[in-house]
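Side-chain atoms are counted along with the backbone in the values below, which use heavy atoms only and exclude waters and symmetry mates. Positions are given from 1 along the sequence. Order of listing sets the numbers, starting from 1, for every ligand and every atom in it.
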Amino acid sequence: MSDVRHRTGWVEVITGPMFSGKSEELIRRLRRVEIARQRLQTFKPAIDDRFHATDIVSHNQQRMPGETVASSAEILARVDEATEVVGIDEGQFFDQDLVEVCNILAKQGKRVIVAGLDQDYRGRPFGPMPAMMAAAEYVTKQLAICVICGNPANHTQRLTGSRAQIQVGAQGLYEARCRCCFQAPPDESPSA
Ligand SMILES: [Zn+2]
């Protein structure tokens with residue numbers, strides 16, 4: 001028998017509503033990776049261009065250089081063999097294959113850190129994030145502060161009437177709400 005173990009990787013998820021500091025926390029972890037001089041690549045989906053075309057940027061303007069990809073398969077294609085840590089922001093905007101991509105990277109021995117919204121503006125599970133949380137070894141769920149009552153906030157309230165699940169933006173379009181102050185939009189079942 002050998003005592004030699006696999007150089008194991010793992011998956012970390014950072015989730016919660018908007019304004020809960022997910023990107024800040026992702027950037028904090030990635031900065032420590034840089035300090036440790038580990039090889040790092042970061043990705044975000046092409047849809048999110050509100051701040052910068054490629055950088056990962058938090059609401060308080062911290063930033064990390066990143067690569068923009070059109071699909072989760074493109075992450076797999078772009079990760080170098082020598083990369084030790086993979087950071088992914090706005091995970092909710094990726095396709096369902098994100099889970100398998102992260103599993104493959106972790107099996108290769110890499111540390112994978114995914115940040116993303118767990119619920120959309122209606123309070124429904126958002127994209128691949130629920131499955132991502134199930135697959136992850138470590139899940140950090142963050143809360144924001146309800147702008148109405150000041151309690152911890154688990155929901156993202158959309159302030160406009162748009163019915164699209166994805167409406168990229170931040171201040172002015174959305175705010176954080178606790179479960180009591182959150183108002184799900186009226187039922188939008190398609191008319192016959
Ligand atoms: Zn509240």
Review item, side-chain donor-acceptor pairs of residues 138-146, under 3.5 Å, at least two apart:
unit_1 : atom_1 : unit_2 : atom_2 : d
T140   : OG1    : R29    : NH2    : 3.0
K141   : NZ     : D118   : OD2    : 2.6
K141   : NZ     : N154   : OD1    : 3.0
Q142   : NE2    : S20    : O      : 2.8
Q142   : NE2    : G21    : O      : 3.1

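Within a 6.0 Å sphere centred on CZ of R31, other residues, nucleotides and ligands contribute more than 12 heavy atoms. Around the CZ atom of R32, the shell of radius 6.0 Å holds no more than 12 heavy atoms that belong to other residues, nucleotides or ligands.
Counting only residues at least two apart or in different chains, side-chain hydrogen bond (donor to acceptor under 3.5 Å, both in side chains) contacts with residues 78-88 comprise Q41-T83, E67-R78, E74-R78.
Protein N/O/S atoms found under 2.8 Å from the Zn ion (ligand 1): C146 SG, C149 SG, C178 SG, C181 SG.
Residue I14 holds its CD1 atom at 10.0 Å from NZ of K22, rounded to the nearest 0.5 Å.
Clustering of Ile, Leu, Val, Met, Phe, Trp and Tyr side chains at separations under 4.5 Å leaves L159 isolated, with no partner residue.
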